[in-house]
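We name chains A, B, ... by the order of the sequence lines, and we start the count at 1 in each one.
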Amino acid sequence: MTATTATTTGLALEQVTLEYGTGDTLVTALDEVTLTVEPGEFVAVVGPSGSGKSSLLAVAGALIHPTRGQVRIADVTVSGAKAAELARLRRTRIGYVFQSGNLLASLTARDQLLLMPHLSGRITAEDRARADELLEAVGLTAKADRRPHELSGGERQRVGLARALMNRPAVLLADEPTAALDRRRAREIVALLAAQAHERKAATVMVTHDTDLLEAADRVVHMRDGKLS
Amino acid sequence: MFLALRDLRFARGRFALMGTVVGLIAVLAVLLTGLANGLVNDNVSGLRSLPATHLAFQPGVDGNLFSRSTVDPALAQQWAKVPGVRAATPYGNTLTHAKEERSGKDVDVAVFGVEPGSFMAPEPLTGDPLGSREDGVLISRKLVDEGLKIGDTLVVERSEVRLPIIGTIGDVSYGHVAVAYAPLKTWQRIYYGLPGEPPQEAFKVATAIALDGEPGAGGPKAEVLSREESYGQSPGYSAEQATMQMIQFFLYVISMFVVGAFFVVWTVQRKDEIALVRALGGSAGYLVRDALAQVLVVLVAATAVGTAVGAGMIALLRRVAPGMPIAWAPGPIVTAMALLVVLGVLGALAALRRITSVDPLLALGGNR
C-alpha cells in the first residue's frame, strides 16, 4: 500500500470526483468534493436522496476508487490500492454503521462483533473482552446472546454501532443509521454515535436526510447534486 | 468456519433437508455398490478363485469362450514347455442340472473339471480331496446351504453320471450357478451329455488349458486370456457390469447437480450478507474458504450417515434374503463415498464462484 504521511490522522477527501457511465449516460455522483474530518470530530452530511451522500461514504470507506482526487484514511492514501488492500483497510481502519443495522441473521449480537477480528485472523481473549465492553457501552450486555430477529430495530442498530467500533476504527461512517427507527430511538442512536465518536477519537461522518438529528453533530455540511456546501 | 457453522445451526432445517437428500443418495450408492459386487461374486467368484494366471482357449472362437471353446487336453504338455509357464493343466467348464438321488432335489451346477492332484485341484474345506473316490465331487458352500451334504449323490440330467459328494469348498459360483469340482474324466462324461460309456474322442476334450506363470511366445495356437480378462467371457458379465456402472454414473451426476443447485440457491439468498461481509473487509478468499468448509461438513456428514444406513441395510438384507446377490465391499464403497463428496464439492464450486462476484457496494443502501 502506498502510505504517505499527511497533515491529518482522520479522514481527508481532496477534490474527489466520482463518475458512473460514459457519454450521454455519464452521472457525476461526487463533484470535486473536499472534506476533512479530524479524529473525534462528528460531521453530519445532510441532503436529499440522490444527492450523492452514499457515494461519499463509498469513497470515504474504501469501497470504491474515486474517478479523480485523493482519499486519505488515517495517514494512508487510498488511491492506487488493489481490491485486497482496500479490503484490509476496511477491516482494520474503518467502521461502518449501515441502514437498519445490516446484521448477519445467524450470528448472536456478540458474534456480530467477534466477526471483525475473525476476518483479520484469530479471535483473541482481548477481542472477547472488547466485544463485551462495547456491548456494555451500547447497553446490550443482557442481550449479547440474541440473534437479530430477537432484537428490536433500535437494538439492532446499537449492535451495528458496537460492531463498527470493534476494530478501533480511525474513521467511522454511518449511512442513514436512523432510517428504520422512530424519533425517540433515532435520537438515542445519534447521541450514542456522537458520544462514541468523541470518546474513541474516530473521525466520524454520518449521512442523513433527517434535519432533526443534527444538534449532536460538531459540524453540518449540506450536499446537493454531488457538491458539498 | 465462523460463519459456516453458525449458518448451519441457524438454517438447520434447510441444511437437514439437503443433507437428507445426499444421505439417501449415499444409501442408494452403497446398495448399488453392494449389488454390483454381489453380482460379480455370483457371476465370476468361481473364476476369481481359480489358481491359474491365464487360460488358453481355442483360437478363432467369437465370445462366450467358456461354453464355446474346446481344446485337446494333450496340449497341456506343450504349454508346460513354453518359457514362463510353471505349470499347465486342462480345465473343463460346463453348466448343467442334476438331481439329488435320495431327496429328489433339483440343482443347477457349474461343473469345473480338473485333473486331481494338479495345481488347479482345490483343497477341500471339509471331506476328502478330488480323486479320492471315482467321480467324487467337491461342492460349493452355496449347495450346502441348499441342503446338500457329504454322502449325498448327484445324478446329472440325461447323461445320468452319478456324482457322490465327497467334500466341500468355499462359496464360489459361476454365471450365478454354484460350482462343483469334478475330476476331468468325470467332467468329460458330463460334457459328452449322453447316457452310457462315451466314445474315446469324448476324453480328448477340455474347455481350455489352465496356465500358471507368464506365458512367453512359442506356445500352441490359442486365445490366451488372463484370469481377469476371462471374466468377460462369463455369460452376461459385461452386460451386468455396464448396466450397474451406468446406473451409478447417473446417480453421481444427479448428486452433483442436487448439491450444486442447493448451494447456488443458498448463495443467491445470502447475497446481501456476502456483500456485507465484503464491505466489512472480509476477503473473497475468506468467504470461499468458509463456504467450502460448510459444503464439506454437510457432504461428509450426510455421506457418513448414508453409508452407515446403507451398510446396515446390506447386513439386514443378507440375513433376511440370503439369495439376494448383495455383498459388503469396503474398497468400492469407500471409493463411491469419496466420489460423492468430491463431485458434491465440484457441484458446489458453481456456487462458490458467485461469492467472488458479489459487489461489496450492495451493503450501502439507498441512492448513491
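Under a cut-off of 6.0 angstrom, the local environment of CD in Gln15(A) is sparse, with at most 12 non-hydrogen atoms contributed by other residues, nucleotides or ligands. Within a 6.0 Å radius of CG in Asp145(B), other residues, nucleotides and ligands contribute more than 12 heavy atoms.
Scanning all heavy atoms of the two residues, the minimum distance from Leu32(B) to Met244(B) falls at O-CE, 3.4 Å. Pairing each heavy atom of Leu134(A) with each of Ala162(A), the nearest pair is CD1-O, 3.6 Å.
With a threshold of 4.5 angstrom between heavy atoms, His149(A) approaches chain B through side-chain atoms but not through N, CA, C or O. Of the two parts of Leu280(B), the backbone and the side chain both hold a non-hydrogen atom closer than 4.5 Å to a non-hydrogen atom of chain A. The contact between Phe2(B) and chain A is made by backbone and side chain atoms together, counting heavy-atom distances below 4.5 Å. Residue Ile123(A) touches chain B through its side chain alone, counting heavy-atom pairs closer than 4.5 Å. Proximity to chain B (any heavy atom under 4.5 Å) is shown, for Ala105(A), by both the backbone and the side chain. Of the atoms belonging to Asn167(A), not a single heavy atom falls under 4.5 Å from chain B. The contact between Leu114(A) and chain B is made by backbone and side chain atoms together, counting heavy-atom distances below 4.5 Å.
Aromatic pair His176(B)/Tyr237(B): centroids not less than 6.0 angstrom apart.
When each of Leu115(A), Leu57(A), Val207(A) is scored by its heavy-atom pairs under 4.5 Å with chain B, the top score falls to Leu115(A).
Side-chain contact between Val78(A) and His65(A) is present, with at least one heavy-atom pair separated by less than 4.5 Å.
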